[in-house]
Amino acid sequence: MKKLTKAIAAISAAAVLAIPANMSAFAYNVSTSNFTNPMVNKSKGGAKGYSWDTYYQADLPVLWKKLLNANGKYTYYATTDTNGNEYGSTHMFAILHRGVADSANIQNAKKYIDNITIKSKKGFYYAPCVEYHNYSTADEPYDPDDPDDQPMFEYYDYGIRMMDGPYLQDIINKFTISSLSDLNYEYIKAHGEFTGALYLKNYYLAGLKLTSSDPYTRFDEPVLERNPDGIGFRTKVTFHVKKPVFDETIVFNNPSGYTGVEVLKNIKVSCNGSDTDKNCIQGYNSISVVNGVTLKVPNADYKNWNKLYQGLITCPTLTTEIKGEVKKRFLNSNFQTTRRVGDILYIYEGKNDTIGHPQWKNGTGSQKFEAFFRCGGRDELGHCAWIGEQLNSVTQVRFYSGSTPTSYGTQYYMCDPGYLKNRLAVG
């Protein structure tokens with residue numbers, strides 16, 4: 001196969017032997033002495049601008065390490081043809097010299113590629129897209145003793161294309177993902193996080209970064225590595241999904257069931273040029289290989305069940321789940337709670353309540369009840385629909401003070417529901 005490829009390449013090379021004497025037969029190298037911005041793609045023929053195969057490589061600018069080191073982080077104009085007409089989306093920008101990019105040392109190329117930004121003279125930015133083709137056959141096994149089975153090092157295997165719009169999205173759609181079979185809440189809880197990877201075979205976008213709209217997914221810096229089969233390279237982006245963290249709540253009923261938490265959600269790609277005012281990159285940057293994974297988080301893992309009470313007495317009805325400041329007050333025994341057991345309705349006042357009436361602190365029985373009733377108790381009970389419903393069906397109401405999240409406190413008063421309903425109505 002290598003011999004056939006080399007024979008075809010020789011025919012292609014013969015077609016360009018008539019080029020001027022000051023040009024290389026296989027490359028037009030761009031150095032610090034002959035660099036111009038924009039660079040020129042001298043290709044002729046039907047595929048000019050698009051192709052960089054062995055026939056066209058002699059006419060494309062080849063970027064050497066010395067030039068890229070000298071330019072550093074640099075914005076290049078889109079390559080032009082020999083008449084100064086600017087090339088655009090999907091056209092070739094340049095070829096990378098083997099000293100910059102070869103499969104055996106591809107990770108070393110990333111620092112040079114990430115310095116490249118490409119824009120049109122009209123101010124429009126393109127995504128610099130590195131692509132691999134096995135033109136030199138250098139990645140294939142060969143017989144060092146067979147002169148007809150040697151790599152064609154005069155050809156280069158890494159080029160940069162200017163991409164945007166649907167064509168860029170087509171490249172991004174080529175991302176694949178590692179197995180997600182262990183991506184579940186139980187695994188993350190046991191191991192601390194789930195780690196996987198996204199892969200893009202034989203492509204890389206300069207300055208590539210991935211983001212997710214959920215707070216539990218993060219991505220490492222992309223790395224470039226040789227393909228497992230040894231031919232070409234791939235972009236690898238490792239991702240980590242951490243355990244979802246909630247504001248722990250207190251609930252007054254059984255926290256059965258699950259809460260769905262989406263991870264790997266709305267993954268987007270950014271690259272050099274995508275954060276500019278004029279580009280056609282941002283709207284074509286979605287990772288399609290995964291569109292969110294829902295973790296089933298057991299409610300019991302973050303909802304603490306208080307089994308003493310049925311809820312806080314609030315308007316318009318009971319509050320059965322609390323967090324934040326409300327939870328803080330509850331834990332400080334500053335609350336008004338309730339529960340029903342059989343035909344008896346219980347009303348509990350926390351020991352650190354804010355009732356300041358002297359008879360609340362020093363009175364007993366009906367005196368204490370009157371202090372409670374006149375210092376907010378009537379409003380609290382009267383505006384809670386759940387209390388009103390219970391008064392229609394219970395036979396007795398009992399009042400407690402000194403209550404805490406873990407103890408009911410002490411009963412100080414009791415009455416029948418009809419009496420309480422009347423008092424709530426008339427005061």
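Note that the numbering runs from 1 along the sequence shown for the chain. Everything numeric here is computed off the predicted structure, so don't read it as measured data.
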- request: For residues Phe233 and Tyr204, determine if any side-chain heavy atom of one lies less than 4.5 Å from a side-chain heavy atom of the other.
  value: yes
- request: Indicate yes or no for a side-chain donor-acceptor contact from Thr276 to the backbone of Gly273 under 3.5 Å, with no hydrogens or angles considered.
  value: yes
message: Donor-acceptor check, side chain of Asp229 to backbone of Ile231, threshold 3.5 angstrom: yes or no?
response: yes
query: Counting distance only, does the side-chain N/O of Asn37 pair as donor-acceptor with the main-chain N or O of Tyr77 below 3.5 Å?
result: yes
statement: Rounded to the nearest 0.5 Å, the NE2 atom of His357 sits from the CZ atom of Phe373 at a distance of 13.5 Å
- request: Indicate whether the side chain of Asn41 and that of Thr79 have a donor and an acceptor atom separated by less than 3.5 Å.
  value: no
message: Under a plain distance cut-off of 3.5 Å, with no hydrogens placed, do Tyr50 and Ser43 share a side-chain donor-acceptor pair?
response: no
query: Quick check: does any side chain N or O of Asp353 sit under 3.5 Å from a backbone N or O of Asn334, one acting as donor and the other as acceptor?
result: no
message: Is the shortest side-chain heavy-atom distance between Tyr156 and Leu60 below 4.5 Å?
response: no
message: Ignoring hydrogens and geometry beyond distance, is a side-chain donor-acceptor pair present between Lys268 and Ser286 at under 3.5 Å?
response: yes
query: So do the side chains of Leu96 and Ile113 get within less than 4.5 Å of each other, counting heavy atoms only?
result: yes
field: Within 45° cone of Trp64 ring axis and under 6.0 Å: Lys66 NZ or CZ
entry: no
task: Output, in order, the C-alpha distance, side-chain angles, deciding distance and verdict of side-chain contact (heavy atoms from CB on, under 4.5 Å) for Ile267 and Phe219.
output: CA-CA 10 Å; Ile267 301 175; Phe219 298 91; 3.9 Å; yes
query: Is the side chain of Gln310 donor-acceptor paired with the backbone N or O of Arg340 at a distance under 3.5 Å, no angle test?
result: yes
field: Test: Arg339 cationic atom under 6.0 Å from Tyr408 six-membered ring centre, within 45° of axis
entry: yes
query: Should Arg98 and Asp102 count as an ion pair when the cut-off is N to O under 4.0 Å?
result: no
message: For Trp52 and Glu131, which I'm curious about, is there any donor-acceptor pair between the side chains at under 3.5 Å?
response: yes
- prompt: At what distance, to the nearest 0.5 angstrom, does CG of Leu168 lie from CG of Leu205?
  reply: 6.0 Å
message: For a 4.5 angstrom cut-off between non-hydrogen side-chain atoms, does Met39 reach Phe93?
response: yes
query: Taking the side chain from Asn202 and the backbone from Gly232, do they hold a donor-acceptor pair closer than 3.5 Å?
result: no
Verdict with supporting geometry, Gln107 and Glu225, side-chain contact (heavy atoms from CB on, under 4.5 Å): CA-CA 6 Å; Gln107 177 59 18; Glu225 61 183 25; over 6 Å; no
query: Between Asn184 and Leu295, what is the shortest heavy-atom contact and its length?
result: CA-CD2, 3.9 Å
task: Could you check whether the rings of Phe246 and Tyr302 sit parallel, tilted or perpendicular, using 30° and 60° as the cut-offs?
output: parallel
- prompt: Between the side chain of Lys327 and the main-chain N/O of Glu248, is any donor-acceptor distance below 3.5 Å?
  reply: yes
- prompt: Counting distance only, does the side-chain N/O of His133 pair as donor-acceptor with the main-chain N or O of Tyr135 below 3.5 Å?
  reply: no
- prompt: Which one of Tyr309, Phe330, Phe252 satisfies the ring pair (Phe, Tyr, Trp, His ring centres under 6.0 Å) criterion with Tyr348?
  reply: Tyr309
- prompt: What heavy-atom pair brings Val30 and Pro61 nearest, and what distance separates the two atoms?
  reply: CG2-CB, 3.5 Å
- prompt: So, Lys303 and Asp301, do they make that salt bridge, N to O below 4.0 Å?
  reply: no
Glu86 side chain vs Asp81 backbone, donor-acceptor pair below 3.5 Å: no
task: Evaluate the side-chain proximity of Ile387 to Ile347: yes if any heavy-atom separation is below 4.5 Å, no if none is.
output: yes
query: Is the backbone N or O of Ser136 less than 3.5 Å from a side-chain atom of Asp157, with the two atoms forming a donor-acceptor pair by type?
result: yes
- request: Find out whether Ile355 and Phe372 are in side-chain contact, i.e. whether some heavy atom of one side chain is under 4.5 Å from a heavy atom of the other.
  value: yes
message: For Asn254 and Ser256: C-alpha separation, side-chain torsions, deciding distance, then whether side-chain hydrogen bond (donor to acceptor under 3.5 Å, both in side chains) applies.
response: CA-CA 6 Å; Asn254 188 352; Ser256 59; 4.9 Å; no
query: Can you find a pair of side-chain heavy atoms, one from Ser403 and one from Thr337, that are under 4.5 Å apart?
result: no
query: Which value, rounded to the nearest 0.5 Å, describes the distance between Leu264 atom CG and Phe194 atom CZ?
result: 8.0 Å
- line: Between the CD1 atom in Ile287 and the OG1 atom in Thr211, the distance rounded to the nearest 0.5 Å is 9.5 Å
- prompt: Mind checking whether Tyr126 and Tyr87 have side chains closer than 4.5 Å, heavy atoms only?
  reply: no
Evaluation steps, side-chain contact (heavy atoms from CB on, under 4.5 Å), between Met163 and Asp170: CA-CA 10 Å; Met163 299 294 288; Asp170 286 344; over 6 Å; no
statement: Between the CG atom in Asn279 and the CG atom in Asn272, the distance rounded to the nearest 0.5 Å is 11.5 Å
